Amino acid sequence: MERSDGILIKNIEIAKVFDDIAKILQIKNENRFKIRAYERVAVTIENFPMEVETIYRAGQLDEIQGVGEAIAKKIEELIETGKLEYYENLKKSIPSGVLELLKVSDVGPRKAKLFYEELGIDNVDKLEEAAREHKLENLPGMGKKAEENILRGIELYKRREKRALLGVALPIAEEIIDRLKSLKEVNQIDIAGSLRRRKDTIGDIDILVTSKKPEKIMDKFTHLPEVKEILAEGLTKSAILTRQNIHVDLRVVEPDSFGAALQYFTGSKAHNVRLREMAVKQGLKINEYGVFQTKDDKKVAGREEREIYQKLGLPFIMPELREDRGEFEAARKNQLPELATMEDIKGDLHIHTSDSDGLNTLEEIVKEARKRGYSYIAITDHSQSLSIAGGLNEKRLQEQIEMIEKINNSFNDLIVLKGIEVDIKSDGTLDFPDSILQKLDIVIAAIHTGFKQEREQLMDRLTRAMQNPHVNIIAHPTGRIIGYREPYAVDMQEIIRVAAKTNTALEINASPERMDLNDIYVKSAKEKGVLLSIGTDAHQLSSLDNMAYGISIARRGWLEKNHLLNTFSLAELRKRLKN
DNA sequence: GCCGTTTTCGGCCCGACTGTTTTCAGTCG
């Protein structure tokens with residue numbers, strides 16, 4: 001049966017099948033390289049910018065990295081029948097609850113197998129019961145300590161919070177770093193991990209320090225006001241849980257290895273594996289202490305992160321690019337992008353005022369924008385049909401336009417652009433006629449209702465909006481709210497094609513819970529020649545700060561300055577906007 | 001199971017820590 005979005009099977013579902021296969025094969029103690037092949041292809045497919053099903057229909061499965069003959073056949077079977085016999089058979093031998101056991105820290109494939117085969121444990125609850133009744137400690141390879149650790153692992157598993165938003169984790173990390181920096185014993189300090197790569201969600205915060213007096217650092221760290229619980233305290237590594245239930249690791253490393261450690265702990269895992277494979281081919285070995293010559297184990301780099309790449313003949317690769325999404329190929333050809341920065345941003349193109357559902361007045365926003373040194377901002381309140389958000393009707397919009405013109409006459413360091421976030425209504429029409437839209441400098445169109453519609457209908461609404469000669473930008477194009485709402489069932493590659501054809505920009509909505517478009521689609525859009533526009537969608541002054549998160553997505557999507565609408569001068573911006 | 005500036009066959013990233021072991025397996029990042 002065809003699904004509402006027209007795609008029979010989504011990438012994430014295919015990825016899950018291969019990931020499960022890898023886990024089951026692990027438990028069955030299969031060849032570890034075979035397991036890695038499945039793991040790798042699962043990650044690739046989960047991050048793939050196009051629907052794998054579309055690739056399959058085009059007969060180009062073999063162009064996906066890590067898909068060979070066997071996996072291609074399995075993808076075909078999944079798409080054509082909705083099932084995979086190989087997978088179904090594997091699942092019969094290992095119940096899915098046993099896979100769940102792997103999520104408990106200190107339980108890996110060998111122990112999961114042991115518990116299942118010896119005690120029939122096939123879910124986490126049974127594991128907890130068995131541990132409490134001390135049934136685990138007498139199993140081969142187990143003991144009292146191991147049993148205690150598993151109980152602790154179950155406890156952590158049960159209250160594990162979802163991944164934290166970048167917008168939540170980054171301020172906490174910066175606060176902690178500021179506090180630690182106040183210690184004179186701290187020499188170098190930096191964020192590592194997915195937070196340094198600026199992923200839109202973060203599993204835990206990793207911080208690296210060099211110091212001659214680690215005990216001082218660790219003492220301060222474990223007694224920070226943010227700490228709810230100390231999870232581990234040692235001289236090289238400590239871990240805490242913050243009051244927001246975010247796990248923070250702090251590591252102290254030698255100055256001579258700081259660069260190597262930073263590289264290593266920044267990841268991503270896929271990036272590091274590729275890097276190390278390349279090193280081996282060049283007679284080098286990379287670990288978290290440095291780069292070593294294989295022949296005599298002589299250390300040739302480690303202090304500076306830049307050296308690690310240098311020794312492999314590569315230019316420095318920015319943390320945001322380290323996802324094994326083509327950065328090595330680009331680096332070899334010296335074609336890495338010169339990533340956009342906050343300094344390139346000339347203005348914010350998506351802001352709400354108290355005329356609709358914002359908290360601050362137009363005047364307050366203008367004052368704040370001037371303080372930030374912006375050259376322009378766009379005021380884009382909601383339109384009339386979004387009455388719950390105080391959407392503007394024609395009369396109130398006209399009043400706002402007049403107000404903006406008055407403000408623009410009162411100073412000359414900032415221009416306020418007259419705009420609207422016009423609703424794309426359920427039937428696909430816009431909430432204002434062209435006669436009104438044409439009075440505005442900038443028109444953002446967005447879907448706020450009917451986002452559970454069928455794919456075809458949603459595509460029609462967005463396509464028609466982009467075809468309107470006055471619509472400049474599509475706001476939050478997929479509509480996702482991280483952790484709460486799935487993206488609309490749209491074909492983003494098709495949206496990108498239409499955007500290119502109609503010269504419509506796509507928004508990078510910088511609100512931390514949206515982060516929409518995401519990095520993968522941003523990269524696709526760039527490759528198709530579509531301009532992106534970072535908008536904070538601010539409903540209050542403090543949210544103007546979210547621009548930095550928008551820049552994070554832009555950088556993760558390989559954008560340079562000239563791929564972003566709001567890096568242009570006002571004159572250039574006006575030229576780029578269709579109308 | 002995949003893949004090719006060593007290879008169409010023989011490789012496939014690296015090290016720390018822990019606990020259970022008398023030399024190492026399992027787990028993790």
Side-chain angles (χ1 to χ4, degrees), chain A residues 18 21-27 29-45 61-75 86 90 101-115 136-150 152-153 156 192-194 203-206 208 231-232 234-237 239 247 249 251-253 257 260-292 294 297 302 308 312-313 324 328-329 332-333:
Chain A
F18 289 136
I21 289 175
K23 289 204 174 97
I24 297 172
L25 293 180
Q26 261 185 0
I27 291 173
N29 205 11
E30 265 273 4
N31 177 297
R32 62 200 178 100
F33 299 109
K34 187 186 197 174
I35 292 163
R36 213 175 99 189
Y38 279 111
E39 282 173 345
R40 279 189 144 173
V41 82
V43 173
T44 303
I45 288 176
L61 278 184
D62 56 344
E63 287 180 20
I64 300 175
Q65 186 70 229
V67 175
E69 208 176 322
I71 290 182
K73 266 202 174 136
K74 291 188 171 70
I75 294 175
Y86 175 70
L90 280 177
L101 299 182
L102 299 179
K103 292 186 181 168
V104 175
S105 135
D106 276 333
V107 179
R110 318 260 19 101
K111 283 186 190 158
K113 183 182 188 192
L114 180 73
F115 299 154
L136 303 181
E137 62 177 19
N138 295 321
L139 294 173
M142 289 288 298
K144 233 179 173 42
K145 266 281 177 51
E147 190 175 72
E148 281 170 21
N149 285 339
I150 285 175
R152 169 100 183 123
L156 279 172
S194 55
D204 50 26
I205 296 173
D206 289 301
L208 290 189
L231 299 174
L235 279 184
T236 58
K237 185 189 161 181
H247 183 124
D249 278 342
R251 289 187 170 77
V252 178
V253 301
S257 299
L262 190 56
Q263 196 288 320
Y264 170 72
F265 286 111
T266 297
S268 67
K269 186 172 172 157
H271 175 91
N272 285 355
V273 168
R274 281 287 304 275
L275 193 73
R276 288 167 182 213
E277 283 172 355
M278 288 172 63
V280 170
K281 286 178 184 162
Q282 297 181 31
L284 297 167
K285 182 184 73 175
I286 300 178
N287 58 30
E288 56 265 53
Y289 303 104
V291 182
F292 299 83
T294 315
D297 229 28
I308 313 293
L312 271 79
D324 192 20
F328 289 113
E329 290 71 15
R332 277 204 211 97
K333 289 187 254 173

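Residue numbers begin at 1 in each chain, while the letters A, B, ... track the order of the sequences. Source: prediction; values computed, not measured.
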Please enumerate all residues that pass salt bridge (charged side-chain N to carboxylate O under 4.0 Å, His left out) together with [X], with sequence neighbours excluded.
X	value
A/Arg32	none
A/Lys269	none
A/Arg276	none

On DNA chain B, reading 5' to 3', which nucleotide is the first and which the last to sit with an atom under 4.0 Å from a heavy atom of chain A, could you check? B/dG1 to B/dG29

Contact between A/Ile286 and A/Leu312 at the side-chain level, heavy atoms closer than 4.5 Å - yes or no? yes

When rounded to the nearest Å, what value does the distance between [atom1] atoms of [N] and [M] take?
N	M	atom1	answer
B/dC17	B/dG10	C1'	32 Å
B/dC13	B/dG4	P	14 Å
B/dG1	B/dT5	P	23 Å
B/dC9	B/dG15	P	31 Å
B/dC12	B/dT7	C1'	12 Å
B/dG11	B/dT6	P	15 Å
B/dT20	B/dG26	C1'	10 Å
B/dC3	B/dT8	P	16 Å

Would you indicate what [X] reaches in the nucleic acid, counting non-hydrogen atoms under 4.0 angstrom: base, sugar-phosphate, or nothing?
X	answer
A/Lys237	nothing
A/Ile35	nothing
A/Lys74	sugar-phosphate
A/Val41	nothing

Nearest nucleotide by nearest heavy atom, which residue falls closer to the 5' end of DNA chain B, A/Ala112 or A/Thr236? A/Thr236

Quick check: on DNA chain B, is the nucleotide nearest A/Asp206 upstream (toward 5') of the one nearest A/Lys145, or the reverse? Name the residue that is more 5'. A/Lys145

So the salt bridge (charged side-chain N to carboxylate O under 4.0 Å, His left out) pairs with at least one residue in residues 66-75 of chain A (sequence neighbours excluded) are none

Report, one line per pair, each donor and acceptor closer than 3.5 Å where one atom sits in a side chain of residues 102-114 of chain A; sequence neighbours left out.
unit_1: A/Lys111; atom_1: NZ; unit_2: A/Asp106; atom_2: O; d: 3.4

Between residues 265-274 of chain A and DNA chain B, which residues have a heavy-atom gap below 4.0 Å? A/Lys269, A/Val273

Evaluate the criterion side-chain contact (heavy atoms from CB on, under 4.5 Å) for residue pair A/Met142 and A/Asn138; output intermediate values, then yes/no. CA-CA 6 Å; A/Met142 289 288 298; A/Asn138 295 321; over 6 Å; no

In Å, rounded to the nearest 0.5 Å, how long is the span from CD1 of A/Ile308 to CG of A/Leu275? 8.5 Å

Could you pull out all residues at least two apart from A/Phe328 that satisfy ring-ring contact (aromatic ring centres under 6.0 Å, His included)? A/His271

With A/Lys281 via side chain to side chain contact (heavy atoms under 4.5 Å, CB included) - residues at least two apart: none

Pairing check on B/dT8: which nucleotide meets the Watson-Crick or G-U wobble criteria with it, both distances under 3.5 Å? none

